[in-house]
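Data block below; observations after.
In what follows, every heavy atom counts, from backbone to side chain, and hydrogens, waters and symmetry copies are set aside.
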Amino acid sequence: MRITIFGAGAIGGYLAAKLAMAGRVDLSIVARGAHLDAIRTAGLRLIEDGHESVASVRAAAQAQELGVQDYVVLALKAHSLAPALDQIAPLLGEGTAVVTMQNGVPWWYFHKIGGSLEGTRLQAVDPGGLIWDRLGPDRVIGSVVYPAAEVDAPGLVRHIEGKRFSLGEPSGEKSERVTRLAEEMVAAGLQVPVRDDIRSEIWVKLWGNLSFNPISALTGSTLAAIAADEATRTLARIMMLEAQVIGERLGVRFPISVDRRIKGAGDVGEHKTSMLQDLERGRPMEIDALVTAVQELGRLTGQPTPTIDSVLALVRRLAIERGCYLTSA
């Protein structure tokens, strides 16, 4: 099995290291800069449970060096996907599956969903349908990523917590291709349930991200602080309730309550959200995939989103002023 991880940052690097050390697949990564140089020189180093291991990984700056793959795992952020399409293209053959590991609403959301919105292309995450046309939704295996990891230095990934990567076909079927991939990931020591409703699981994670991330960026507060403060907790709750109506109109099943989801976020502790970390480091923030796309889904389903709209306007303006807003175009 030939697998390439495209975007070998924290999560991509963690997954690549685990698969490579298991030694069961032909594993490659596409990386760049000092990270690529370090991996080529000394291997991909992983700190997990206090121990450091080194994985021997084929690393390339250009995907064309690697050839056609069975699976391509896209581990870069949503706004980085469209600009990378030309680089991804050499990896794709007739039967190549593409695993999307972006946070937020995926560009393929309305593929094989059925109903009046079947085939709808989301402008917030795929302006003009470019990704849809170039990658093709039939290739897609959806995923929800739970591990937390960081790149401590070039070529060095530190695993913080979590080993679950949920997978699922947009159609809900348990296909041979998703089952085979899950088996290899499990053999690498990961927890990989195959879901028959990956969209509902995407929404449960998105539920917290669309509220806690922008509030965190706007206030500089951690998850625990936002959940503990009555005003910010209430703001997050209102945003989540607006989103829940949208999700339910799209057939999503929410297995937990809003308040339980908020408590779960608060229990993470004094953790800065990814959006706040990006703001502090001057990097593009995942605003469109996490928030703008939910606003667009509200418009498509006829559901007003007044609170989401207000928070989105503020966080987008902040990102523009700080040079941290990059559209998905």
Mind checking whether L46 and K18 have side chains closer than 4.5 Å, heavy atoms only?
yes
Is there side-chain contact between L19 and M185, with at least one heavy-atom pair below 4.5 Å?
yes
Does the side chain of L250 reach to within under 4.5 Å of the side chain of F110, using non-hydrogen atoms?
yes
How far apart are the closest heavy atoms of G9 and V157, and which atoms are they?
O-CG2, 4.1 Å
Any side-chain heavy-atom pair from L122 and L297 closer than 4.5 angstrom?
yes
Under 4.0 Å between a Lys/Arg side-chain N and an Asp/Glu carboxylate O for R177 and E169?
yes
Check whether R261 reaches the backbone of V204 with its side chain - one donor and one acceptor, N or O, closer than 3.5 Å.
yes
Report yes if the side chains of E248 and W203 come closer than 4.5 Å at any heavy-atom pair, otherwise no.
no
Donor-acceptor pair, side chain of W207 and main chain of M240, under 3.5 angstrom:
yes
Is the backbone of D288 close enough, under 3.5 Å, to the side chain of H79 for a donor and an acceptor to pair up by distance?
no
Counting C-beta onward and ignoring hydrogens, is there a side-chain heavy-atom pair between V311 and V291 closer than 4.5 Å?
no
Do Y71 and I141 have side-chain heavy atoms sitting under 4.5 Å apart?
yes
Without swapping roles, check the side chain of R199 against the backbone of G251 for a donor-acceptor pair under 3.5 Å.
no
Under the 3.5 angstrom rule, does the side chain of R233 hit a backbone N or O of A227 as a donor-acceptor pair?
yes
